[in-house]
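For reference, the structure discussed in these notes is given below.
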Amino acid sequence: MSLGQQLAPHLPFLRRYGRALTGSQSHGDKYVRATLEAIVAAPDQFPRDVDPRLGLYRMFQGIWSSANYDELDNDASSADGGEAVARARLARMTPLSRQALLLTAMEGFTPEDAAYLIDVDPSEVEKLVAEALAEIEKQTRARVLIIEDEPIIAMDIETIVRDLGHEVTGVAVTRDEAVALAMEDRPGLVLADIQLADDSSGIDAVKDILAEFEVPVIFITAFPERLLTGERPEPTFLITKPFQRSTVKAAISQALFFDESTVPAI
């Protein structure tokens, strides 16, 4: 099997990581594209002594941390207001801790693998993750709408949201109910499933809400392939069911990290 065939299944999830790290689909995809270009240009530099997914993320991390790609930041800074918000917050938080958080909580890497990817001692990873969560949670508070038709899952998500110090504006189980709740009490964050109780779509519910006002959205779904197609605008934040509580916490914190409405007054 060629290297390209080995890496292909992992590309949608690397793109997810790039978007979550940068807060922008276009910005994250630029880093992924640069990573692939680097692999094509110098295939002998690809790590062959580790799992292909680990090697792919390692190459991405090298691109991300390289000063040679500052122009990618410049390209996105004028287009993405969220990036400017994040930069203000990053002045009080090391990017390394944010990477450790996303790699472990969202991408599912072990602390040992995350340590390899960001080039730190394994004993440092848990400390970095704790620092990231504490700093982001301290700076972000929001009112959250949950769109989920499974009662147990909805209760679990609601508990996570409240434990993080956020307020839940409502729990919707259908598209129409979600839109009505959003219009009645405008949320600062939406957590949405794709397949809802009456066979309506959480994707359509989110589209209806976004047609009325801007709000960060996190999709939590058992069908990630419906959103990771690469053929249409994709969500910046996507969680696969079954999920870990830490994954939801990381995604919420990261989504709000890039949302200007949660910037504390100075």
Side-chain angles (χ1 to χ4, degrees), residues 15-29 76-77 79-90 93 98 101-102 105-107 132-133 135-148 154 157-158 160-172 175 178-179 181-194 201-221 224 227-228 232-240 243 245-265:
R15 294 179 61 234
R16 175 181 67 179
Y17 172 64
R19 295 196 304 272
L21 188 62
T22 63
S24 160
Q25 179 179 341
S26 61
H27 196 187
D29 283 352
S77 61
D80 298 327
E83 184 71 12
V85 172
R87 288 183 184 281
R89 287 178 171 143
L90 283 173
M93 173 184 169
R98 196 156 52 98
L101 170 64
L102 292 175
M106 181 172 289
E107 298 305 311
L133 280 173
E135 186 61 30
I136 296 176
E137 290 168 14
K138 182 175 68 176
Q139 296 179 38
T140 57
R141 290 292 181 268
R143 305 173 70 255
V144 182
L145 171 62
I146 299 170
I147 307 174
E148 171 60 64
I157 294 173
E158 184 172 1
I160 295 170
V161 169
R162 294 190 188 280
D163 285 349
L164 287 172
H166 307 300
E167 177 185 349
V168 175
T169 64
V171 178
R175 173 185 180 179
V179 175
L181 285 174
M183 296 304 106
E184 177 183 338
D185 191 353
R186 181 175 297 193
L189 175 68
V190 175
L191 304 181
D193 190 7
I194 290 179
S201 168
I203 298 174
D204 291 335
V206 166
K207 287 180 179 178
D208 292 343
I209 293 169
L210 292 178
E212 298 297 327
F213 60 89
E214 289 294 322
V215 60
V217 177
I218 299 170
F219 281 100
I220 304 177
T221 177
L227 293 169
L228 293 174
R232 59 183 178 184
E234 296 174 333
T236 301
F237 302 100
L238 175 65
I239 296 171
T240 303
F243 56 80
R245 292 170 66 88
S246 59
T247 305
V248 180
K249 288 182 177 181
I252 290 173
S253 298
Q254 192 70 1
L256 295 176
F257 187 73
F258 286 96
D259 182 34
E260 62 185 356
S261 67
T262 62
V263 177

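When all heavy atoms of Val179 and Ala205 are compared, the closest pair comes out as CG2-O, 4.0 Å. Nearest heavy-atom pair, Ile147 versus Ala178, reported as atom, atom and distance to 0.1 Å: CD1-CB, 3.6 Å. When all heavy atoms of Arg175 and Ser201 are compared, the pair lying nearest together is CB-O, 4.1 Å. Nearest heavy atom pair, residue Ala255 against residue Pro216, reads O-CB, 4.3 Å. The shortest heavy-atom contact between Phe243 and Ile160 is CE1-CD1, 4.3 Å. Summarising the geometry of Ala251 relative to Ile239, their closest heavy-atom pair is CB-CD1, 3.5 Å, with the distance given to 0.1 Å.
In this structure, the side chains of His166 and Leu189 stay at 4.5 Å or more apart for every pair of heavy atoms. Using a 4.5 Å heavy-atom cutoff, the side chains of Asp193 and Thr221 are in contact. In this structure the side chain of Val168 reaches within 4.5 angstrom of the side chain of Ile146, judged on heavy atoms. Side-chain contact check for Ile252 versus Leu191: some heavy-atom pair is nearer than 4.5 Å.
For the ring pair (Phe, Tyr, Trp, His ring centres under 6.0 Å) test, residues two or more places apart in sequence or in another chain that qualify with Tyr17 are Tyr57, Phe60. Qualifying side chain to side chain contact (heavy atoms under 4.5 Å, CB included) partners for Ala182, counting only residues two or more places apart in sequence or in other chains: Leu145, Pro187, Ile209, Phe213. Applying the salt bridge (Lys or Arg N to Asp or Glu O under 4.0 Å) test to Glu167 and every residue at least two apart in sequence or in another chain returns Arg143.
For the atom pair Ile194 CD1 and Glu148 CD, the distance stands at 11.0 Å (nearest 0.5 Å). With rounding to the nearest 0.5 angstrom, the CG atom of Leu256 is 9.5 Å from the CZ atom of Arg141. Interatomic distance, CZ of Arg186 versus OG1 of Thr169, reported as 12.0 Å (0.5 Å rounding). Distance check, rounded to the nearest 0.5 Å: CD of Glu107 to OG1 of Thr247 gives 9.5 Å. In this structure, Leu238 CG and Arg15 CZ are separated by 11.0 Å, a value rounded to the nearest 0.5 Å. Remark: Leu181 CG to Asp185 CG distance equals 8.5 Å, nearest 0.5 Å.
Distance alone, capped at 3.5 Å, places no donor-acceptor pair between the Ser246 side chain and the Ala105 backbone.
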